[in-house]
Amino acid sequence: MIKAIKGAKDLFYDEVVRWQALEKLVREIFENFNYSEIRTPVFEETRLFARSIGEETDIVSKEMYTFTDKSGLSITLRPEMTASVVRAFIEHSLGKQFNLNKFYYIAPMFRQERPQAGRLRQFHQFGAEALGSSSPSLDAEMIILAYEILKQLGLKKLSVKINSLGSPAEREEYRKVLREYLKPHYDKLSETSKVRFEKNVLRIFDSKDERDIEIMKDAPRLLDSLGEESSAFFEEVKELLSKAGVEFETDTALVRGLDYYTHTTFEIVSESVGAQSALCGGGRYDLLAEQLGGTPTPGVGFAAGMERILLACANEEIEVGKKEKVKLYIVRIEKELKNKAFELALFFRRHGIKTELDYLSRSVKAQMREANRIEAEHVLILGGEEFLKNEAVLKNMSDGSQKNVSLANLEAVLKEISG
RNA sequence: GUGGGUAUAGCUCAGUUGGUUAGAGCGUCUGGUUGUGGCCCAGAAGGUCAAGGGUUCAAGUCCCUUUACUCACCCCA
């Protein structure tokens, strides 16, 4: 048997209903905040991700689906969306059309990791990117947006963590300070942290190794060494969040894994999923556009993992979405009437009534059972003596009542069903 | 990439210290009188017990290998 690729899932029936409901909510909220949807190709030139996400990151160094196409070009299935959005922004000179561009997306991403709860190889994210403003109100808006969606879904066990990585200069300065602090402890660090010491010191904060955590406990914090401007920026973000009623905590150890972040970074975690508890994360990336060869343009964004969100909803027993019931099921008694039934079904369907009928030449009893199974609201029974009078029986399935209706006046039947 | 767990019907799972034709619930299908659902009743279909090898008179059950799934590490959304 040929099966789906590891870490890639088929969705159908009830599961799809949940996804559609989530997508609908996401769209509504993004539209309210006046974000417009952006769609970019699922694959890009490999160097786009190498340059933006960072060569040394795990994503780029070992998790990408990369292949060479027939022209010899190295292509990669996108592992995240920010790089693509910024690429499109630069390619189409969108910054020259509008000073501020606010985009959202709902799209599949690909990373070749070992699947586990809340982590797939083809996974789906919704997210937003705002390019062109360095106002802290946008940083706050991103967090509020993400929070709003999760709240409106009904999720409870959430915590919002925020931090600031400061300006690039401050970050660079802090790197030195941190290295200085770590030097005497170097030998006690875990192997991965030793590597990070050279390549990306900040990431040592992410370590779960107990000895690393012990060492990092007393490490100087980037947040404490921020300049006046960066501090004021961060304060304003926090103030806006407080006014918006978003409860958050400052987590000085929150260092995001992607190289392009500056200033605000944030994460919303849930207790209701497994180990992969981050439902969404993001931050500001003022250097990225320039880094990708565009004119310097400040940006902020976030991405949220849809599988994780739905998993959290399921674990908190939140029902997401409801399937629309069939309004009318057409039962035919005599088999010769099957085309008449088909024709009638088409009439109702064309008038916006969700209609179903038998395609399996089944008995009347079986057709009724089917109508009941799919919870059809009404059944129209076609045949017998009523049909000779150009009438049919319309049955209300919830109370079992039925009445004869004229097939010469389908408008009246429409009214009956819709009312 | 490294660990742990699991693998029996479409789904959720039983299957006793290895012992005859492998079970249940749900789901599906048919019927319980002519043209009517739900509840109930009766019946049916559906399984190379993940695959391969080994031990044994005898393996779903014990051992080995492989594969898949799953959880965790790692990383991240």
Side-chain angles (χ1 to χ4, degrees), chain A residues 1 3-7 9 12-14 53 56-64 78-82 105-127 146 150 190-193 195-196 200 203 206-209 254-258 266-270 273-283 301-312 329 331-335 337 360 362-387 392-402:
Chain A
M1 183 172 40
K3 300 201 289 184
I5 300 292
K6 183 201 280 285
K9 288 260 177 297
F12 40 86
Y13 296 136
D14 293 354
I53 301 170
E56 303 302 337
T57 60
D58 281 28
I59 295 179
V60 172
S61 63
K62 50 191 192 198
E63 296 170 0
M64 297 205 301
R78 64 175 172 222
E80 57 112 47
M81 194 69 175
T82 305
Y105 57 83
I106 300 174
M109 309 292 158
F110 306 85
R111 291 182 202 174
Q112 190 164 1
E113 297 181 271
R114 200 66 169 258
Q116 73 184 71
R119 189 170 78 185
L120 293 176
R121 290 184 170 184
Q122 177 179 333
F123 61 104
H124 299 77
Q125 294 185 328
F126 64 78
L150 300 178
S190 66
E191 287 314 306
T192 47
S193 290
V195 175
R196 284 175 179 170
N200 192 348
R203 295 294 319 283
D206 279 344
S207 177
K208 283 172 190 165
D209 184 286
L254 178 66
V255 177
R256 314 230 69 244
L258 282 57
F266 78 97
E267 211 170 88
I268 301 179
V269 298
S270 166
V273 283
Q276 306 302 317
S277 60
L279 297 187
C280 66
F302 81 95
M306 298 175 75
E307 282 83 1
R308 288 181 189 178
I309 289 170
L310 288 172
L311 187 60
Y329 190 96
V331 167
R332 49 102 270 263
I333 298 170
E334 294 83 8
K335 296 227 161 92
L337 289 177
L360 302 171
R362 302 214 283 186
S363 67
V364 172
K365 188 187 183 112
Q367 291 178 70
M368 287 302 295
R369 265 209 260 261
E370 178 66 9
N372 183 65
R373 189 186 69 79
I374 64 176
E375 298 182 88
E377 289 176 15
H378 292 271
V379 167
L380 188 69
I381 303 162
L382 213 58
E385 48 193 69
E386 290 90 344
F387 188 72
V393 174
L394 181 65
K395 178 165 186 164
N396 180 323
M397 292 295 274
S398 54
D399 61 17
S401 67
Q402 53 186 56

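Chain letters run A, B, ... following the sequence lines, proteins first and then strands; every chain starts at 1.
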Rounded to the nearest 0.5 Å, how far does [atom2] of [Y] lie from [atom1] of [X]?
X	Y	atom1	atom2	answer
Ser193(A)	Arg203(A)	OG	CZ	10.0 Å
Lys365(A)	Arg362(A)	NZ	CZ	12.5 Å
Ile5(A)	Gln122(A)	CD1	CD	10.5 Å
Glu375(A)	Ser398(A)	CD	OG	11.0 Å
Met306(A)	Arg308(A)	CE	CZ	13.5 Å
Ile381(A)	Gln367(A)	CD1	CD	9.5 Å

Close residues, residues 301-312 of chain A, relative to RNA chain B [heavy-atom separation under 4.0 Å]: Ala303(A), Gly305(A), Arg308(A)

In residues 117-125 of chain A, which ones come under 4.0 Å of RNA chain B, going by heavy atoms? Ala117(A), Gly118(A), Arg119(A), Leu120(A), Phe123(A), Gln125(A)

Pick the [atom1] atom in [N] and in [M], then give their distance to the nearest Å.
N	M	atom1	answer
G18(B)	G46(B)	P	32 Å
A68(B)	G52(B)	C1'	15 Å
U20(B)	G25(B)	C1'	26 Å
C11(B)	G47(B)	C1'	14 Å
G4(B)	G60(B)	C1'	24 Å
A77(B)	G38(B)	C1'	44 Å
C74(B)	C29(B)	P	49 Å
A14(B)	A50(B)	P	14 Å

Between the protein and nucleotides 2-9 of chain B, list the N/O to N/O atom pairs that are separated by less than 3.5 angstrom.
unit_1: U2(B); atom_1: O4; unit_2: Arg114(A); atom_2: NH1; d: 2.9

How close do [X] and [Y] get, counting heavy atoms only, and between which atoms?
X	Y	result
Ala312(A)	Val273(A)	N-CG1, 3.6 Å
Met109(A)	Pro79(A)	CB-O, 3.9 Å
Gly384(A)	Glu334(A)	N-OE2, 3.2 Å
Lys395(A)	Gly400(A)	CE-O, 3.7 Å
Leu311(A)	Gly118(A)	CD2-N, 3.8 Å
Ile59(A)	Met64(A)	O-CG, 3.0 Å

Whole angstrom is fine here: how far is it from [atom1] in [X] over to [atom2] in [N]?
X	N	atom1	atom2	result
Glu56(A)	C74(B)	CD	P	20 Å
Leu150(A)	A77(B)	CG	P	15 Å
Leu254(A)	C76(B)	CG	P	11 Å
Phe266(A)	A77(B)	CZ	P	10 Å
Glu63(A)	C74(B)	CD	P	13 Å
Glu113(A)	G1(B)	CD	P	13 Å
Asp14(A)	G10(B)	CG	C1'	15 Å
Lys6(A)	C71(B)	NZ	P	12 Å

Check this one for me: any side-chain N or O of Gln116(A) less than 4.0 Å away from OP1 or OP2 of A72(B)?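 For A72(B), OP1/OP2 do have a side-chain N/O of Gln116(A) under 4.0 Å.
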
In B/S/- notation, 5' to 3', how is nucleotides 33-45 of chain B contacted by protein heavy atoms closer than 4.0 Å? --BBBB-------

Short question: side chain of Glu307(A), backbone of Arg119(A) - any donor-acceptor pair under 3.5 Å? no

Using modelled atom types only, decide if a donor and an acceptor are shared between the side chain of Arg121(A) and the backbone of Pro115(A) within a distance under 3.5 Å. no

Dot-bracket encoding of pairs in RNA chain B, which uses [ ] for pseudoknotted crossings and | for another strand, Watson-Crick or G-U under 3.5 angstrom: (((((((..((((.....[...)))).(((((.......))))).....(((((..]....))))))))))))....

Within the 4.0 Å heavy-atom criterion, would you say Arg332(A) contacts the bases, only the backbone, or no part of the nucleic acid?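 Since no nucleic acid heavy atom lies under 4.0 Å of Arg332(A), the category is nothing.
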
NA contact type, Lys335(A), heavy-atom cut-off 4.0 Å: base, sugar-phosphate, or nothing?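 Answer is nothing: Lys335(A) stays at 4.0 Å or more from every strand.
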
Beyond-backbone contact of Tyr329(A) with Met368(A), side-chain heavy atoms, under 4.5 angstrom: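 Of all side-chain heavy-atom pairs linking Met368(A) with Tyr329(A), none is under 4.5 Å.
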
Do the ring planes of Phe266(A) and Phe302(A) sit parallel (below 30°), tilted (30 to 60°) or perpendicular (above 60°)? tilted

Assuming nearest nucleotide by heavy-atom distance, tell me which of Ile268(A) and Ile5(A) is located more 5' along RNA chain B. Ile5(A)

Suppose we screen for ring-ring contact (aromatic ring centres under 6.0 Å, His included). Which residues come up paired with His124(A), at least two apart in sequence or across chains?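 Testing His124(A) for ring-ring contact (aromatic ring centres under 6.0 Å, His included), a comparison that skips the adjacent residues, returns Trp19(A).
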
